[in-house]
**Q** 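The structure's right below; bear with me while I get my questions together.
Read the numbers this way: they start at 1 and go in the same order the structure lists the ligands and their atoms.
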Amino acid sequence: MDPRVLSPLDRLLELADAGLRASFGRSPGSRPTPGNPTVTPADPGLRRHVAGLMRVNHAGEIAAQGLYHGQALAARAVDTRAALRQAAAEEGDHLAWCRERLDELGSRPSLLDPLWYAGSVAIGALAGLAGDRVSLGFMAETERQVEGHLADHLERLPADDSRSRAIVQQMQADEVGHGRAAVAAGAEPLPEPVPKLMRLTAGIMTGTAYWI
Ligand SMILES: [Fe+2]
Ligand SMILES: [Fe+2]
């Protein structure tokens with residue numbers, strides 16, 4: 001048997017491994033974390049607030065990994081699968097940066113990270129089953145919504161927390177690039193109820209991950 005051909009069980013185990021790594025692992029990013037690590041809010045309440053926002057961003061990146069892994073699983077064309085896996089790998093930097101910032105703030109990631117990952121794999125696989133162009137449309141819409149969400153966080157982060165701001169700004173710039181890549185690869189616009197549903201689902205996650 002060709003060792004590169006994966007059975008459904010192999011793929012499932014690969015996903016479980018990726019989910020555990022994303023939720024509990026500490027892989028370093030491929031690029032250095034933006035900003036100056038010594039900048040941290042002195043006020044404990046403010047520090048907790050920033051940690052809440054960075055926990056939400058970390059959970060969002062876990063969800064992005066899950067979505068793209070799920071979509072890759074159901075992708076039909078080899079090129080689409082490769083593009084989705086590449087996107088997930090690039091989100092790995094964001095995951096590492098948010099995790100590092102949480103450490104610096106003396107905080108932790110969301111306890112529900114494995115749940116965000118598993119739920120996102122299921123949603124991603126559904127999007128993938130709808131066809132590659134729809135799946136790429138889903139990726140473009142995800143990136144658009146994340147970009148808007150990060151813009152909101154930039155308004156809520158303290159003006160003098162240059163470290164957290166630099167991380168979020170670089171993530172935002174990367175997400176714009178990911179969205180453009182999805183459109184260039186042939187993304188199809190999604191029918192109206194879908195983006196609204198996506199916003200609703202993301203809202204549940206971000207509202208919860210700030211606290212838990
Ligand atoms: Fe990201
Ligand atoms: Fe992205």
**Q** Do Q65 and E61 get their side chains close enough for a donor-acceptor pair, meaning under 3.5 Å?
**A** no
**Q** Is it true that, when you exclude R180 itself, more than 12 heavy atoms of the residues, nucleotides or ligands shown sit nearer than 6.0 Å to its CZ?
**A** no
**Q** With a cut-off of 2.8 Å, how many protein N, O or S atoms neighbour the Fe ion (ligand 1)?
**A** 5
**Q** Please check if atom CZ in R48 has more than 12 non-hydrogen atoms from other residues, nucleotides or ligands closer than 6.0 Å.
**A** no
**Q** Name the residue from M54, H153, E104, Q169 that meets the side chain to side chain contact (heavy atoms under 4.5 Å, CB included) definition with S164.
**A** M54
**Q** Quick one: do N57 and M171 satisfy side-chain contact (heavy atoms from CB on, under 4.5 Å)? Show the steps, please.
**A** CA-CA 10 Å; N57 293 330; M171 282 167 59; 4.2 Å; yes
**Q** Ignoring hydrogens, what is the shortest heavy-atom contact between D113 and I62? Give both atom names and the distance.
**A** O-CG2, 3.5 Å
